[in-house]
Amino acid sequence: MGLYESVEWKAYTRDPALMALILPNSLYYRSAWAGENLAGLIRVVGDGLSIIYIQDLLINPRYQSQKLGKNLLVHVIEKYSHVRQIVLITDNLEKNRKFYEACGLRQAEVYGVSAYVRFIL
């Protein structure tokens with residue numbers, strides 16, 4: 001909860017019972033630690049064969065700009081290199097675009113596809 005609170009992901013933190021279920025029900029997750037402090041997390045959902053969806057990639061602001069996020073993301077991309085589709089949705093910010101493109105991801109339009117979503121806020 002503390003990690004999600006540190007990045008103000010309130011949609012997660014407003015329901016602690018749901019939070020208790022998300023990691024065990026994920027395809028894969030990996031954490032990054034700074035001593036005994038949880039510094040970051042990446043969480044993957046999907047079938048692990050034809051598609052994965054990177055649901056969460058978050059780094060506590062105290063530990064950002066230390067390549068923790070990049071290391072977690074590159075690890076997942078390498079682990080699932082056999083998977084045809086790796087999908088991630090993020091805020092439409094220039095810093096996010098630069099980060100994900102530096103890690104080898106591209107916007108959907110580059111591949112001639114569209115993405116459709118529905119959010120409950």
Side-chain angles (χ1 to χ4, degrees):
M1 289 290 287
L3 178 61
Y4 284 80
E5 288 171 351
S6 77
V7 293
E8 299 182 12
W9 286 12
K10 294 174 177 38
Y12 286 88
T13 59
R14 71 174 70 120
D15 190 345
L18 179 65
M19 281 291 297
L21 299 173
I22 65 170
L23 292 181
N25 284 290
S26 299
L27 175 65
Y28 179 78
Y29 64 91
R30 186 172 183 130
S31 55
W33 294 81
E36 294 186 15
N37 297 315
L38 179 59
L41 175 78
I42 191 165
R43 183 167 75 94
V44 177
V45 297
D47 60 27
L49 301 169
S50 65
I51 188 168
I52 64 166
Y53 180 87
I54 300 171
Q55 175 62 39
D56 299 338
L57 175 57
L58 58 159
I59 306 296
N60 183 305
R62 289 184 293 167
Y63 304 105
Q64 291 178 2
S65 301
Q66 297 179 23
K67 298 192 179 187
L68 295 177
K70 182 175 184 175
N71 291 341
L72 289 171
L73 183 57
V74 167
H75 168 76
V76 164
I77 290 170
E78 289 174 357
K79 178 176 178 59
Y80 291 100
S81 63
H82 62 282
V83 173
R84 183 172 176 261
Q85 294 180 47
I86 297 176
V87 179
L88 179 143
I89 296 173
T90 188
D91 295 330
N92 189 19
L93 301 172
E94 182 70 12
K95 69 177 187 171
N96 290 357
R97 186 189 62 75
K98 287 180 178 182
F99 171 77
Y100 289 112
E101 288 184 357
C103 294
L105 298 179
R106 300 291 175 257
Q107 292 186 355
E109 294 82 12
V110 170
Y111 298 103
V113 299
S114 296
Y116 298 89
V117 299
R118 177 178 174 251
F119 281 96
I120 299 173
L121 300 174

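On a predicted model such as this, the values are computed, not experimentally measured, just so you know.
Judged by distance alone, the side chain of Arg106 and the main-chain N or O of Glu101 form a donor-acceptor pair under 3.5 Å.
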Name the atoms and distances for all side-chain donor-acceptor pairs under 3.5 Å in residues 79-89, with sequence neighbours left out.
from: Ser81; atom 1: OG; to: Glu78; atom 2: O; distance (Å): 3.3
from: His82; atom 1: NE2; to: Gly48; atom 2: O; distance (Å): 3.0

Review item, side-chain donor-acceptor pairs of residues 15-23, under 3.5 Å, at least two apart:
from: Asp15; atom 1: OD1; to: Ala17; atom 2: N; distance (Å): 3.4
from: Asp15; atom 1: OD1; to: Leu18; atom 2: N; distance (Å): 3.2

Sequence neighbours excluded and cut-off under 3.5 Å, please list the side-chain donor-acceptor pairs for residues 114-121, or say none.
none

Under 3.5 Å, sequence neighbours excluded: what are the donor-acceptor pairs made by side chains of residues 61-72?
from: Tyr63; atom 1: OH; to: Asn37; atom 2: ND2; distance (Å): 3.3
from: Gln64; atom 1: NE2; to: Ile59; atom 2: O; distance (Å): 2.8
from: Asn71; atom 1: ND2; to: Lys67; atom 2: O; distance (Å): 3.1

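Trp9 contributes atom CH2, which lies 8.5 Å from atom CG of Leu3 (distance to the nearest 0.5 angstrom). To the nearest 0.5 Å, atom CG of residue Asn60 and atom OH of residue Tyr4 are 13.0 Å apart. Asn96 contributes atom CG, which lies 9.5 Å from atom CG of Leu57 (distance to the nearest 0.5 angstrom).
When all heavy atoms of Glu5 and Thr13 are compared, the closest pair comes out as CG-CG2, 3.5 Å. In plain terms, the two heavy atoms of Ser31 and Leu38 that are nearest each other are CB-CD1, 3.6 Å.
Under the 4.5 Å side-chain heavy-atom criterion for Ile, Leu, Val, Met, Phe, Trp and Tyr, Val44 and Val7 are members of distinct hydrophobic clusters. Residues Leu27 and Ile54 share a single hydrophobic cluster, defined by chaining ILVMFWY side chains whose heavy atoms lie under 4.5 Å apart. Linking ILVMFWY side-chain heavy atoms closer than 4.5 Å, directly or via other members, places Tyr28 and Ile52 in a single hydrophobic cluster.
In terms of the side chain to side chain donor-acceptor pair (under 3.5 Å) criterion, residue partners of Tyr12 (sequence neighbours excluded) are, by chain and number, Gln55, Asp56. With sequence neighbours excluded, no residue satisfies side chain to side chain donor-acceptor pair (under 3.5 Å) with Asn25.
For Asn92, the CG atom counts as loosely surrounded, since its 6.0 Å shell holds 12 or fewer non-hydrogen atoms of other residues, nucleotides or ligands. Heavy atoms of other residues, nucleotides or ligands lying less than 6.0 angstrom from CD of Glu94 number more than 12.
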